[in-house]
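Notes follow the structure.
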Amino acid sequence: MESNKLSRVDYIFRPETNRLDLLKRVMSKDKDDFLLELIDSGLKGRGGAGFLTGLKWKLAKEAAGDKKYVICNADEGEPGTFKDREILDRVAGKVLTGMALCGYIVGADEGYIYLRAEYRFLSPKLNKMMAGINEELKSIGLNFKLGIRYGSGAYVCGEETALIESMEGKRGEPRNKPPFPVTEGYLGKPTVVNNVETFVNTVIIAEIGYHEYKKLGTDSSRGMKLFSISGDCSKEGIFELELGMSLADFVDEFGDGDTKAVQVGGASGFCVPRKKFKETIIGFEGIPTGGSMKIFNSSRSMYNVLHNYLDFFQEESCGQCTPCRVGCQQLYKGIMAVKRRERPATYLDELVKLAETMRFASKCGLGQSVGNAFVSIVENFREEIVY
Amino acid sequence: MSNTENFVKELADKYGRSRESLMPILQEIVDVQNYVNDEAMVNVARELDLSAAEVYGTASFYSFIETREMGEYIIRVCKTIVCDMKGKEAVLRAIEDTLKVKIGETTPDKKFTLLTTNCLGWCHKGPAMLINNEVFTELTPGKVVDIIESYMHK
Ligand SMILES: Cc1cc2nc3c(=O)[nH]c(=O)nc-3n(C[C@H](O)[C@H](O)[C@H](O)COP(=O)(O)O)c2cc1C
Ligand code: SF4
């Protein structure tokens with residue numbers, strides 16, 4: 001597989017151009033033409049799962065229903081991710097424009113940002129901006145009203161159906177899929193749920209055109225992506241990069257010269273050891289990421305890293321299905337038992353089997369992805385777990 | 001009518017009485033009273049025509065909706081990996097020593113509750129913590145003691 005060169009770009013945080021002109025331009029065109037362009041742009045969701053955004057909007061447009069909703073997922077709970085906060089802090093107008101654009105295309109007249117409780121400090125600014133934009137939309141005859149809802153400290157509510165349950169005033173327990181939110185979402189109505197950054201990307205595509213957009217990234221991973229980079233770094237923070245670079249180039253740029261491993265995609269992502277940096281591509285053809293990149297140098301204990309993740313999962317599992325509820329606890333207790341010599345090292349093999357079972361037996365993405373970090377850390381750093 | 005009864009009724013008037021109104025109502029109770037007590041939950045259940053068990057079941061799911069008594073200022077220190085690597089243990093110890101409480105406890109004057117929480121989204125500026133909705137980053141033991149002391153005088 002060919003990787004791209006690491007290249008920094010600057011689209012996301014560019015100040016917004018004229019919002020109303022952009023919306024009017026889209027409104028003067030055929031909706032289906034816009035959808036075709038969005039699909040052709042290759043944009044995939046930036047929240048982690050990577051579903052084609054244009055296709056999601058098309059399904060929602062075609063779904064039968066007198067009432068539809070647009071939801072912006074600003075729950076950003078994945079450990080090591082902080083780019084949505086920065087977007088909402090610096091260019092929230094673009095997010096709201098993207099939501100209005102979506103509302104217009106799919107035929108929804110209400111849109112909500114679901115903001116995690118930890119980001120409540122942003123709400124005065126967002127509320128004020130929303131009130132202004134609601135008036136602007138009215139002035140150009142776009143029937144779409146923006147609002148805000150808050151999370152209350154539950155990672156699983158980032159999962160789109162748990163988010164919807166939470167908005168409906170219930171425990172944030174994921175639903176079975178199908179039906180998907182595009183046909184049965186909030187209050188049973190067709191609903192588009194997209195990540196904060198995804199909405200910004202749709203505005204960029206409407207602005208620069210899908211031809212220009214397609215020039216960025218690789219065949220499987222179009223466009224640019226915000227990376228939240230932290231840990232043992234030469235520089236930390238939020239960086240906008242073209243998708244499709246190799247992890248080796250990434251570590252050259254952001255590592256501290258002594259990088260042992262990179263956790264790509266947060267606690268639910270994969271741990272890549274140094275020997276695999278060259279062959280690993282960051283993007284949908286390699287390891288996709290919602291943006292979390294945590295860099296560990298050789299002074300770090302990977303046991304501590306794994307212990308920290310499992311503590312996180314056993315707390316954040318909604319507890320609805322047994323493989324995840326019990327699995328998370330057993331993995332957590334299991335590695336501690338091995339460390340304390342209460343279990344032999346071979347017990348790790350049984351734990352790996354358990355993690356593999358959780359991948360297909362769990363109900364939602366939380367339980368399904370615990371095995372990612374678990375297996376990749378245990379396989380690559382077994383000695384550190386045992387001794 | 002008791003104060004709580006009045007308060008909950010006002011919130012139901014403001015947010016509505018359908019199930020979707022439950023979270024905004026609980027969240028505003030937390031904003032004002034720091035936690036949702038039994039009396040508040042029973043009143044919410046009555047206003048929204050739900051069983052109290054439904055309300056408790058929902059409230060207790062969320063880590064930012066406390067159902068036990070909390071201090072006026074809830075301190076939540078991030079315990080996720082990068083903040084941990086950057087010294088959150090020392091920051092926690094400094095808070096514990098200053099307030100003379102352990103994690104999970106409330107000071108006798110009911111002013112502070114100390115908790116830990118999962119990733120706050122400030123890894124690049126860790127260690128980080130929240131005091132109610134306010135964010136503090138790049139903490140050191142010295143800095144955090146100054147912050148806590150400034151809250152003591154509020
Ligand atoms: C446990 C879990 C947590 C998630 N958290 C988030 C989140 O915080 N933000 C987000 O955009 N997507 C999150 N997702 C993915 C969403 O379910 C959904 O796929 C996404 O919001 C769709 O938007 P996109 O297509 O624009 O990425 C999470 C998924 C799972 C399983
Ligand atoms: S996998 Fe975990 S988080 Fe998802 S539904 Fe099952 S118990 Fe809940």
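Note on naming: letters A, B, ... go to the chains in the order of the sequence lines (proteins, then strands), and numbering restarts at 1 for each one.
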Identify which of [options] forms the greatest number of heavy-atom pairs closer than 4.5 Å to chain B.
options: Gly172(A), Ser123(A), Cys318(A); value: Gly172(A)
options: Arg149(A), Arg300(A), Glu173(A); value: Arg300(A)
options: Ile238(A), Ile229(A), Val156(A), Val305(A); value: Val305(A)

Restricting to non-hydrogen atoms, name the atom on [X] and the atom on [Y] that form the minimum distance, rounded to 0.1 Å.
X: Gly80(A); Y: Cys119(B); answer: N-SG, 3.5 Å
X: Pro79(A); Y: Thr80(B); answer: CB-CG2, 3.6 Å
X: Asn308(A); Y: Ile81(B); answer: OD1-N, 3.0 Å
X: Val82(B); Y: Ser230(A); answer: CG2-OG, 3.4 Å
X: Gly169(A); Y: Leu22(B); answer: O-CD2, 3.3 Å
X: Ser60(B); Y: Arg171(A); answer: OG-NH1, 4.1 Å

task = Select all residues of residues 28-54 of chain B having any heavy atom within less than 4.5 Å of some heavy atom of chain A, and report them by number, or 'none'.
result =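 Answer by number: Asp31(B).
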message = Using only non-hydrogen atoms and a strict under-4.5 angstrom cutoff, which residues of residues 127-148 of chain B touch chain A?
response =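 Under the 4.5 Å heavy-atom cut-off, Leu130(B), Asn133(B), Val135(B) qualify.
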When rounded to the nearest 0.5 angstrom, what distance separates [atom1] in [X] from [atom2] in [Y]?
X: Leu120(B); Y: Glu76(A); atom1: CG; atom2: CD; answer: 11.5 Å
X: Lys294(A); Y: Cys123(B); atom1: NZ; atom2: SG; answer: 6.5 Å
X: Arg120(A); Y: Phe64(B); atom1: CZ; atom2: CZ; answer: 10.5 Å
X: Met23(B); Y: Cys157(A); atom1: CE; atom2: SG; answer: 6.5 Å
X: Leu187(A); Y: Arg19(B); atom1: CG; atom2: CZ; answer: 12.0 Å

inquiry  = Shorter than 4.5 Å, heavy atoms on both sides: which option in Leu26(B), Thr58(B), Val55(B) has the most such pairs with chain A?
reply    =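 With the most close heavy-atom pairs to chain A, the winner is Thr58(B).
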query = Are Glu20(B) and Lys170(A) ion-paired here, with the side-chain N under 4.0 Å from a carboxylate O?
reply =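 No salt bridge links Glu20(B) with Lys170(A).
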key: Polar side-chain atom of Gln27(B) near backbone of Gly151(A) as donor-acceptor pair, under 3.5 Å   =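 Side chain of Gln27(B) to backbone of Gly151(A): a pair is present.
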message = When you measure from the side chain of Ser63(B) to the backbone of Gly153(A), do you find a donor-acceptor pair of N or O atoms at a distance under 3.5 Å?
response =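 Side chain of Ser63(B) to backbone of Gly153(A): a pair is present.
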Flag side-chain contact, heavy atom, 4.5 Å: [X] against [Y]:
X: Asn118(B); Y: Tyr155(A); value: no
X: Glu118(A); Y: Trp122(B); value: no
X: Phe312(A); Y: Lys79(B); value: no

What part of [X] gets within 4.5 angstrom of chain B, counting heavy atoms only: side chain, backbone, both, or neither?
X: Glu316(A); result: side chain
X: Glu86(A); result: neither
X: Tyr186(A); result: side chain
X: Cys233(A); result: neither
X: Ile295(A); result: backbone
X: Asp84(A); result: neither

request  = Please test Met85(B) against Asp232(A) for side-chain contact (heavy atoms from CB on, under 4.5 Å), starting from the C-alpha separation and ending with a verdict.
outcome  = CA-CA 9 Å; Met85(B) 285 157 53; Asp232(A) 299 308; 3.6 Å; yes
query = More than 12 heavy atoms of other residues, nucleotides or ligands under 6.0 Å from NZ of Lys128(A): is that the case?
reply =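 For Lys128(A), atom NZ is not crowded (no more than 12 foreign heavy atoms under 6.0 Å).
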message = Atom OH of residue position Tyr151(B) - does it have more than 12 heavy atoms of other residues, nucleotides or ligands inside 6.0 Å?
response =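 Count over threshold, so yes.
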request  = Against chain A, label Lys86(B) side chain, backbone, both or neither, depending on which of its atoms sit under 4.5 Å from a heavy atom there.
outcome  =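 Answer is side chain: those atoms of Lys86(B) sit under 4.5 Å from chain A.
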ask   = Does the side chain of Tyr62(B) pick up a donor-acceptor pair with the side chain of Ser166(A) at under 3.5 Å?
value =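 There is such a pair (donor and acceptor under 3.5 Å, judged by atom type) between the side chains of Tyr62(B) and Ser166(A).
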query = Considering residues at least two apart in sequence or located in another chain, which fulfil the ring-ring contact (aromatic ring centres under 6.0 Å, His included) criterion with Phe82(A)?
reply =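 His124(B).
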inquiry  = Just to verify, what does Asp97(B) make a salt bridge (Lys or Arg N to Asp or Glu O under 4.0 Å) with, not counting sequence neighbours?
reply    =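 Salt bridge (Lys or Arg N to Asp or Glu O under 4.0 Å) check on Asp97(B) returns nothing, list empty.
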